[in-house]
Amino acid sequence: MPKLVANPVIHDADAKQPQLVDHFAHVISNHDLTHAYLFSGEPGAGKLAVALQVTMALFCVNPHAGKPCGQCNECVRIANRQHPDVVIVEPDGASIKIDQVRMLKAEFSKSAVEGNQKAFIIDGADLMTTEAANSLLKFIEEPVGNVVSFLLTSNKTQVLPTIVSRTQLVEFPALAPAIFAKELAANGIEQSYFNLIMKMTNNIDTVKEWFENDWFVKLQTAVSQWFIELNKRTPIAFTMVQTDIMPLVNNQAAKRVVLDMLIEVWRDVLDVKFNAVDDHELNFPQITNQIHQIAFQIPKLKLLNIIELMLKNNSDLAANINFQSLLEASTLMALDELE
């Protein structure tokens, strides 16, 4: 039996979705692989890694029990995205462009270059236009030759129903916290940020973006100081919106992160007051004393009112209310509740 050597793709798939990896190994061993799959799950759940590993298993020269060896020339080229019979399309910016779709249609019409197997991986299937998706539909339904397609999405509701109905849907569960924690540690993220990060995302690429130039650290510090001033019942909390928080808000995604942080710091208060969580489980361990102090002092109804206020900010943001005004109004209302 050949020794299985895990390349980075195989390691990623095995770590994030071991049950799905085993499932597809069984499917491949029984020759039951269908011609088209729709992988649906949160960003960072391992959809691309699993699609690549299944593709490796189809091309591998030394497979074992439906799994690829990871070290043969076929496996290595697929992992490095250099195999001519494995076509991978990812969004060019915010969408999959028309030229990419034309290339895909042309590739679907061709036979395999090196053998009798072809594989297509479309990452961001929900980012194709309706016209583009419809134009690919017949190729997905009736592929030329021995072809398997993987369509990957983080939002299956945005995928054409006709595409969904003609593919086998595979739901990817969210990444297990222990696995994501290992990813965070491997990327040099301090453990004190783990709880907060895992409440907001399980996508390591998103986390890397957040930690560029210590942006996430600066924002958490600003929100922490804002909370401390609220706890003191001082109007400084109001001015901090403009002086400390807003300079860190440079796009729409940053606004969402700010609102999530405001929710999570008050969720810490709720957990301390009613759920008796340990301090190491808090999202803001840097301000544990202040969280305990306000949890002890604030009446239940006032706390729930503040949390409801923070949650409402998300719908207000969607209504295009000025973001600074939104935060300032929330701060004033929270101060009123704390009086």
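Residue numbers run from 1 in the order of the sequence given.
Evaluation of the ring-ring contact (aromatic ring centres under 6.0 Å, His included) test over residues 289-311, restricted to residues two or more places apart or in two chains, returns none. Pairs engaging residues 204-221 under the salt bridge (charged side-chain N to carboxylate O under 4.0 Å, His left out) rule: none recorded [sequence neighbours left out]. Sequence neighbours left out, the pairs with a member in residues 187-201 that pass side chain to side chain donor-acceptor pair (under 3.5 Å) are Lys199-Asn283. Sorted by first and then second residue, the salt bridge (charged side-chain N to carboxylate O under 4.0 Å, His left out) pairs involving residues 306-324 (not counting sequence neighbours) are Lys312-Asp316.
Under a cut-off of 6.0 angstrom, the local environment of CG in Asn275 is crowded, with over 12 non-hydrogen atoms contributed by other residues, nucleotides or ligands.
Legend: residues meeting salt bridge (Lys or Arg N to Asp or Glu O under 4.0 Å) with Lys273, ordered by chain and number and at least two apart, are absent. Taking the salt bridge (Lys or Arg N to Asp or Glu O under 4.0 Å) definition, one finds that Glu90 meets it with Arg81, sequence neighbours left out. Scanning for salt bridge (Lys or Arg N to Asp or Glu O under 4.0 Å) contacts around Glu171 gives Lys156, with sequence neighbours left out. Qualifying ring pair (Phe, Tyr, Trp, His ring centres under 6.0 Å) partners for Phe323, counting only residues two or more places apart in sequence or in other chains: none. Phe120 meets the ring pair (Phe, Tyr, Trp, His ring centres under 6.0 Å) test with Phe108; sequence neighbours excluded. Residues meeting the salt bridge (Lys or Arg N to Asp or Glu O under 4.0 Å) test with Asp279, sequence neighbours left out: none.
A salt bridge is absent between Arg256 and Asp260: the closest approach of a Lys/Arg side-chain nitrogen to an acidic carboxylate oxygen does not fall below 4.0 angstrom.
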Report all side-chain donor-acceptor pairs from residues 161-168 shorter than 3.5 Å, counting only partners two or more places apart or in another chain.
residue	atom	partner	partner atom	Å
Ser165	OG	Pro161	O	3.2
Ser165	OG	Thr162	O	3.0
Arg166	NE	Glu141	OE2	2.3
Arg166	NH1	Thr162	O	3.2
Thr167	OG1	Ile163	O	3.0
Thr167	OG1	Val164	O	3.3

Show the atom names and distances, to 0.1 Å, of all donor-acceptor pairs under 3.5 Å that link a side chain in residues 231-246 to residues at least two apart or in another chain.
residue	atom	partner	partner atom	Å
Asn231	OD1	Arg233	NH1	3.3
Asn231	ND2	Gln293	OE1	3.3
Arg233	NE	Leu338	O	3.1
Arg233	NH1	Asn231	O	2.6
Thr234	OG1	Glu229	O	3.4
Thr234	OG1	Glu229	OE1	2.9
Thr239	OG1	Ile236	O	2.8
Thr243	OG1	Thr239	O	3.1

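For the atom pair Asp268 CG and Glu264 CD, the distance stands at 7.5 Å (nearest 0.5 Å).
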